[in-house]
**Student:** 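Below is the structure I would like to discuss, written out as structure tokens.
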Amino acid sequence: MKTIDELLHEGVEGKRVFVRADLNVPLDGTTITDDGRIRAVVPTIKALADAGARVVVASHLGRPKGAPDPAFSLAPAAARLGELLGAEVAFATDTVGDSARAAVAGLANGEVAVVENLRFNAGETSKDDAERGAFADQLAALADLYVGDGFGAVHRKHASVFDLPARLPHAAGHLIATEVGVLKKLTEDVRRPYVVVLGGAKVSDKLGVIDHLLEKADRILIGGGMAYTFLKAQGHEVGISLLQEDQIPAVLEYLKRAEARGVEFVLPVDVLVSPDFPDLKTKAPANPTTVAADAIPADQEGLDIGPETRKLYASKLADAATVFWNGPMGVFEHPDYAEGTKAVAQALVDSPAFTVVGGGDSAAAVRTLGFDENAFGHISTGGGASLEYLEGKKLPGLVALED
């Protein structure tokens, strides 16, 4: 896989370089609530601009239906990118139309333009190879070179991720090179003990990674909504907690395999419960109750791990040499249910281990809860991509960047 350093050594001055970034940031109206993904791609864009390239940045945002939708415009992301670069960034109001062509044609050496949301075009996400290819041809007409740096999208077989690199000389940006290097540390020659912390809403989202990590990890800690399927599988009442009953056979199989392989599987011993899901808009007091994990009332919902579980999980992380964490321990967006996620984050900060926060809600939680990002070994920009890599899958966006 060619890197951006090699590309820069060959020279990019005056060349149009298409950077597939991941500017898929959360928005409250037009206000960006977490700019982590934009900041992550700045080193690549700045390196190209400083070397005299004419940089064309493209990304998706959200899930529009293959047509323009103002709610998913990249305009706020483009404005924030300009602030971070300390330079004016041109913004095209379409992706491959007149505005995009004009914006690219108007670039001088060292200047940057952002084109509108790639997913405003049906060809970007089409499952039809010809339709995707036709859109990739239109994108290729905007550039001379391609740099892939949108790690959060490399698990998608989309036109700008998979098809476009085949049409242009290509290289991996700084972010993708870093992400792949980190993930190799979680899959090859891992320093032990290797502890994995998995949370989030659905156990089904994590089945593949649990299956793979049972062969790699020494200890797996479970939290978040997915924990209640595990507790139910053990025969416990989980009340009105999030439950995927159809996944219980798979969960039982994993617990059995973990025991046979000597992998320590750790589940909550107490949880915070409430009869009502918290109001995340006003963050009104929720007044939760703490109960033992095997004594959840039938009319209550588990919404965070309890204080004893926080202590237990901190102790299980204390001796780790490598930690991978993906998924919050509870509804961290509400202060009454943030303590579990905060405790895990703090345990990672306190640990001498190589710690990786696996993107998505975990990365958002770390920033929302006020932790210093530099206190962790690495915070990934791609939750889904990280998980699929750890499952052992070939990621289309990485395959496309291989020579």
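Predicted model, so just to flag it, every value in this text is computed and none were measured.
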**Student:** In Å, rounded to the nearest 0.5 Å, how long is the span from CZ of R310 to OG1 of T341?
**Tutor:** 10.0 Å
**Student:** How are the rings of Y146 and F18 set relative to one another: parallel (under 30°), tilted (30 to 60°) or perpendicular (over 60°)?
**Tutor:** parallel
**Student:** Just verifying a value: how many Å separate K311 NZ and D270 CG, rounded to the nearest 0.5 Å?
**Tutor:** 9.0 Å
**Student:** Please determine whether a side-chain nitrogen of the Lys or Arg among E373 and R39 lies less than 4.0 Å from a carboxylate oxygen of the Asp or Glu.
**Tutor:** yes
**Student:** Give the minimum heavy-atom separation between F371 and F376, together with the two atoms involved.
**Tutor:** CB-CE1, 3.9 Å
**Student:** In plain terms, say whether D144 and K15 are close enough for a salt bridge, that is, a side-chain N and a carboxylate O under 4.0 Å apart.
**Tutor:** no
**Student:** If I take atom CG from residue D163 and atom CG from residue D129, how far apart are they, to the nearest 0.5 angstrom?
**Tutor:** 7.0 Å
**Student:** Would you say that M226 contacts I210 through its side chain, given a criterion of any heavy-atom pair below 4.5 Å between the two side chains?
**Tutor:** yes
**Student:** How close do V331 and P278 get, counting heavy atoms only, and between which atoms?
**Tutor:** CG1-CG, 4.2 Å
**Student:** If every non-hydrogen atom of G382 is compared with every non-hydrogen atom of R37, which pair is closest and at what distance?
**Tutor:** CA-NH2, 4.4 Å
**Student:** Assess, by modelled atom type and distance only, whether the side chains of S204 and Q247 contain a donor and an acceptor separated by less than 3.5 Å.
**Tutor:** no
**Student:** Could you tell me whether R219 and D319 have a side-chain N and a carboxylate O separated by less than 4.0 Å?
**Tutor:** yes
**Student:** I want to check something: taking the side chain as every heavy atom from C-beta on, are L255 and F230 in contact at a cut-off of under 4.5 Å?
**Tutor:** yes
**Student:** Nearest 0.5 Å, please: how far is CD in E391 from CG in L207?
**Tutor:** 9.0 Å
**Student:** Look at R101 together with D98 and state whether they make a salt bridge at an N to O cut-off of under 4.0 Å.
**Tutor:** yes
**Student:** Can a side-chain donor-acceptor contact be found between D28 and T33 if the only test is distance below 3.5 angstrom?
**Tutor:** no
**Student:** Taking the side chain as every heavy atom from C-beta outward, state whether L186 and L390 have any pair of such atoms under 4.5 Å apart.
**Tutor:** yes
**Student:** Verify the distance criterion only: is there a donor paired with an acceptor across the side chains of S274 and E301 at less than 3.5 Å?
**Tutor:** no
**Student:** Within 45° of the six-membered ring axis of F332 and under 6.0 Å from that ring's centre, is NZ or CZ of K342 located there?
**Tutor:** no
**Student:** Taking the basic N atoms (NZ, or NE/NH1/NH2) and the acidic carboxylate oxygens, is any pair closer than 4.0 Å for R261 and E215?
**Tutor:** yes
**Student:** Would you find more than 12 non-hydrogen atoms of other residues, nucleotides or ligands less than 6.0 Å from K283 atom NZ?
**Tutor:** yes
**Student:** Would S160 and R20 count as having a side-chain donor-acceptor pair, cut-off 3.5 Å?
**Tutor:** yes
**Student:** I need the L398 CG to E388 CD distance, nearest 0.5 Å.
**Tutor:** 10.5 Å
**Student:** Which heavy-atom pair separates A100 from V115 by the least distance, and what is that distance?
**Tutor:** CB-CG1, 4.0 Å
**Student:** What are the two closest non-hydrogen atoms of L267 and Y313, and how far apart are they?
**Tutor:** C-OH, 3.2 Å
**Student:** Do T368 and E333 pair up side chain to side chain, a donor and an acceptor below 3.5 Å, judged on atom types alone?
**Tutor:** no
**Student:** How long is the straight-line distance from OG1 of T44 back to NE2 of H174, given to the nearest 0.5 Å?
**Tutor:** 5.0 Å
**Student:** Does the side chain of S73 come under 3.5 Å of the side chain of E116 through a donor N or O and an acceptor N or O?
**Tutor:** yes
